[in-house]
Colleague: 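Below is a structure I'd like to ask you about.
Here is how names work: the chains are called A, B, and so on, in the same order as the sequence lines, proteins then strands, and each is numbered from 1.
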Amino acid sequence: MRIFYVTTPIYYANSLPHLGHLYTTVVADAIARHKRQRGFDAYFLTGTDEHGINIQRAAEKEGRTPQEQVDFIAGELKRMFHDFRLDTENGGYDIFMRTTEPFHYEGVSRLWREIAKNTTPKGNSTIYKGFYEGWFCAPCAAFKLEDEYYTVEGSDIPLCREHERPLDRIAEESYFFRLSDYAEELVRVIEENPERIRPEARRNEVLAFIRQGLQDLSISREKKNVSWGVPVPDDDNHVMYVWLDALSNYITAVGYGNTEKTGFDKYWPEVRHLVGKDILRFHTVYWWSFLMAAGLPLPRLVYAHGMWLDAFGKKMSKTIGNAISIDVLDRHFQLDAVRYFLLRDMVFGQDGKFGYENLIERANGDLAKGLGNLASRTISMIEKYRDGVIPSGKISEPFYLFAKRASLNPDEQEIVSALAHTRDELIRRFDNFEFSQALETVWSLITRIDKMISDSKPWELIKDDNQTETLNAVLYRAVEALRWLSVLLYPVMPEAAQAIYAQTGAAGEVSKINPETLKYGELPAGTAIGERRAVFPLIDKVKIMNEIKEETATENKPAPAPEPPAAIEEPSPAEEENFITIDDFLKVELRVGEIKVAERIPKADKLLRFEIDLGEEKPRQILAGLAQYYEPENLIGRKVVVVANLKPRMMRGYESQGMVCAASLENSDDTPALAAFLEDVKIGARLK
RNA sequence: GAAGAGAUAGUUUAAAGGAAAAACAUCGGUCUCAUAAACCGAAGUUAAAGGUUCGAUUCCUUUUCUCUUCCCCA
């Protein structure tokens with residue numbers, strides 16, 4: 001039996017369901033349904049990632065325990081998935097994975113032990129205990145290198161570039177994963193299996209990132225600081241880094257390292273991870289290294305999809321209020337229309353634009369006026385012209401000429417191969433994750449059938465006894481095409497497909513019909529068609545848009561500030577502590593230096609390059625953003641205050657080995673002034 | 001400022017060293033089985049400039065613009 005395993009990311013249990021969750025899950029759902037329809041033993045995983053400092057904080061803020069917090073979010077997601085018929089009950093996911101479940105603890109502990117037991121490709125220990133000192137971004141759940149944060153003037157606490165939120169200073173014992181030993185191996189594996197990371201542009205980004213060199217990864221936190229996590233095996237003082245914990249869900253869910261679940265050997269080698277482009281790095285660099293370290297097979301595919309932007313191509317955000325609301329989608333639109341839009345309008349792998357208007361236009365243009373109307377006119381004609389019974393599609397030779405006269409090809413081979421071609425294309429595109437193109441192909445078939453009807457004009461054929469067989473053939477071909485269409489489209493629009501399938505009079509469930517084995521003519525003549533009803537009612541765009549506007553207006557106005565239980569807000573860093581101790585101050589080594597060399601840096605309008613004598617062996621090179629305020633020549637010989645123990649940093653290709661102190665106001669328009677002394681001071685003197 | 005990606009019709013997308021395509025939108029027409037549907041027809045596109053070539057929209061160079069990442073008081 002053919003095996004297939006598809007995963008969405010497990011969603012972090014600190015925010016309420018949003019379009020991103022819905023999107024990835026719908027895609028995975030469509031893939032899973034398609035594979036199952038084709039007889040694959042397909043396993044579909046989604047769920048929640050429930051550990052880490054963020055959960056702890058979110059829980060505290062809401063006055064809940066962490067467990068209550070994750071139960072709440074997992075419950076909300078499940079409810080949303082149920083509303084959108086993505087849950088097990090409705091033929092969707094097979095498991096809603098939760099990382100707080102005991103079997104996951106078992107599995108991930110086993111993974112840790114397996115990794116620890118092995119050595120890296122370079123023969124070193126994979127995991128070692130060290131001391132971590134650095135900045136950690138809780139929302140990212142990631143340690144930040146110095147190029148990943150910045151500091152605003154007047155503050156010591158750097159902000160995460162991504163979240164623009166204060167980072168946490170972490171200084172504690174930590175276990176490290178020797179990621180640095182895996183860079184060459186990763187590059188080799190990716191180059192040998194380029195098809196395993198898609199799309200190509202994203203794969204190149206990953207390769208570039210690896211080639212920059214990898215740093216060892218801290219994979220634990222001290223329990224006294226972060227308690228909400230999986231304990232590190234044999235060390236009760238530590239819990240695992242949330243990404244190690246989270247990523248491993250994909251294997252523990254199918255029974256790795258535990259006996260509660262099963263299927264690891266069967267499913268794991270066939271896994272395809274769908275991820276947002278923002279977390280591709282974790283799912284390739286980190287995850288693959290962990291897997292290699294544990295001696296496990298790598299995923300068959302990690303596919304990074306794009307993000308939904310608003311109708312104007314801007315990022316959606318709650319604060320701007322341009323986010324698409326799941327509730328609005330649920331209340332105002334057919335689920336199948338939403339699914340169709342999500343799969344049709346975003347080219348998988350690129351960013352897409354989502355506006356309610358776009359959705360309505362798609363639903364009306366493609367679904368109501370396209371597929372829906374074709375179904376309606378076909379069924380209606382069979383009712384009217386043939387008393388609701390499907391006629392034979394065969395034209396006997398004496399009537400060939402009449403068929404031709406009615407612009408209908410008497411030979412049905414043409415339509416048979418059109419159907420087969422559409423089916424083959426759909427399968428090929430689906431297997432290749434090209435949903436948008438898959439649907440385009442199907443719609444060109446719809447157009448073709450519509451045209452066949454318009455060209456042969458059944459309403460005229462009915463008036464001519466010599467055209468009985470021609471009319472029969474038109475009706476048969478149309479209804480048979482409809483049956484095929486419903487089978488092909490089932491994964492994208494399960495309910496509508498079943499409805500159309502039933503209207504053609506075909507027996508059974510469309511979900512069980514394998515498109516690969518569809519045969520033209522399987523719908524027997526003499527079958528009574530089902531009851532006709534509109535599958536995709538036309539949407540009154542103006543009316544719906546007005547309703548949506550009114551609702552969102554009333555929703556936003558009276559209760560503007562807090563969205564009830566959601567959203568983590570950071571405690572404002574300012575009010576926490578305004579004082580530092582003398583020890584804190586003495587960490588900063590301020591020294592007097594004399595400027596020996598001062599010059600501009602070509603093509604940098606703000607930067608000056610200094611060489612400053614601090615009484616050390618040789619002068620230091622220090623860069624400062626003073627070019628707009630000082631002429632370099634005037635500065636030579638001046639004594640300045642230098643932060644001497646600042647970590648060196650590259651700027652514009654030069655290393656800056658310290659910082660020159662200058663007075664400046666918050667507003668950077670004001671001219672800064674270099675700190676100086678009235679008395680004579682010795683070079684190298686420390687300020688304290 | 002650096003690196004990478006990109007720029008195709010009003011819009012969203014496709015294809016390609018040898019006549020650039022589809023859908024939606026627009027305009028004109030036909031028709032009535034159907035959800036004021038459908039069908040036919042029209043108009044409209046390779047960002048700009050150079051170069052290689054028999055031929056370039058495709059390859060190369062430059063420019064402009066967009067996006068991403070990084071960066072200019074450490």
Colleague: Salt bridge check, A:E205 against A:R281: does any charged N sit closer than 4.0 Å to a carboxylate O?
Modeller: no
Colleague: Considering every strand and a 4.0 Å limit on heavy-atom distances, what is the contact class for A:S444: base, sugar-phosphate, or nothing?
Modeller: nothing
Colleague: I'd like the C1' distance from B:A3 over to B:C73, given in whole Å.
Modeller: 24 Å
Colleague: In whole angstrom, give me the gap between the P atoms of B:A42 and B:A22.
Modeller: 11 Å
Colleague: How long is the gap from CG on A:L343 to CZ on A:R362, to the nearest 0.5 Å?
Modeller: 12.0 Å
Colleague: So with a 6.0 Å cut-off around CD of A:E195, is the heavy-atom count from everything else above 12?
Modeller: yes
Colleague: Roughly how many Å apart are B:G44 and B:U64, using the C1' atom of each and rounding to a whole number?
Modeller: 24 Å
Colleague: Name every donor-acceptor pair, under 3.5 Å, that has one atom in a side chain of residues 496-506 of chain A and the other anywhere in the protein, sequence neighbours excluded.
Modeller:
| from | atom 1 | to | atom 2 | distance (Å) |
| --- | --- | --- | --- | --- |
| A:Q498 | OE1 | A:V510 | N | 2.9 |
| A:Y501 | OH | A:A507 | O | 3.0 |
| A:Q503 | NE2 | A:R533 | O | 3.0 |
| A:T504 | OG1 | A:Y501 | O | 2.6 |
| A:T504 | OG1 | A:A506 | N | 3.3 |

Colleague: Indicate, with a heavy-atom threshold strictly under 4.0 Å, whether A:D450 touches base, sugar-phosphate, or nothing.
Modeller: sugar-phosphate
Colleague: If I pick the C1' atom on B:U46 and the same atom on B:G41, what distance separates them, to the nearest angstrom?
Modeller: 25 Å
Colleague: Give A:F536 one of three labels, base, sugar-phosphate or nothing, depending on what nucleic acid heavy atoms sit under 4.0 Å from its own.
Modeller: base
Colleague: What distance do A:F341 atom CZ and A:L329 atom CG have between them, rounded to the nearest 0.5 Å?
Modeller: 9.5 Å
Colleague: For the side chain of A:Q350, starting at C-beta, report the closest nucleotide among B:U13, B:U35, B:C33.
Modeller: B:U13
Colleague: For RNA chain B, just give me the dot-bracket, please: Watson-Crick or G-U, both distances below 3.5 Å, ( ) intra-strand, [ ] crossing earlier pairs, | paired with another strand, . unpaired.
Modeller: (((((((..((((....[..)))).(((((.......)))))....(((((..]....))))))))))))....
Colleague: Quote, to the nearest angstrom, the P distance that separates B:U11 from B:A16.
Modeller: 23 Å
Colleague: Ignoring the backbone of A:D455, work out which of B:U13, B:U35, B:C39 is nearest its side chain.
Modeller: B:C39
Colleague: Taking B:C39 as the reference, what is the distance to B:C24 when you measure between their P atoms (whole Å, please)?
Modeller: 8 Å
Colleague: Base, sugar-phosphate alone, or nothing: which one does A:K353 contact when heavy atoms must sit under 4.0 Å apart?
Modeller: sugar-phosphate
Colleague: Take atom C1' in B:G18 and the same atom in B:U53, then report the distance between them in whole Å.
Modeller: 12 Å
Colleague: Report which part of the nucleic acid A:S380 touches: base, sugar-phosphate, or nothing (heavy-atom distance under 4.0 Å, all strands).
Modeller: sugar-phosphate
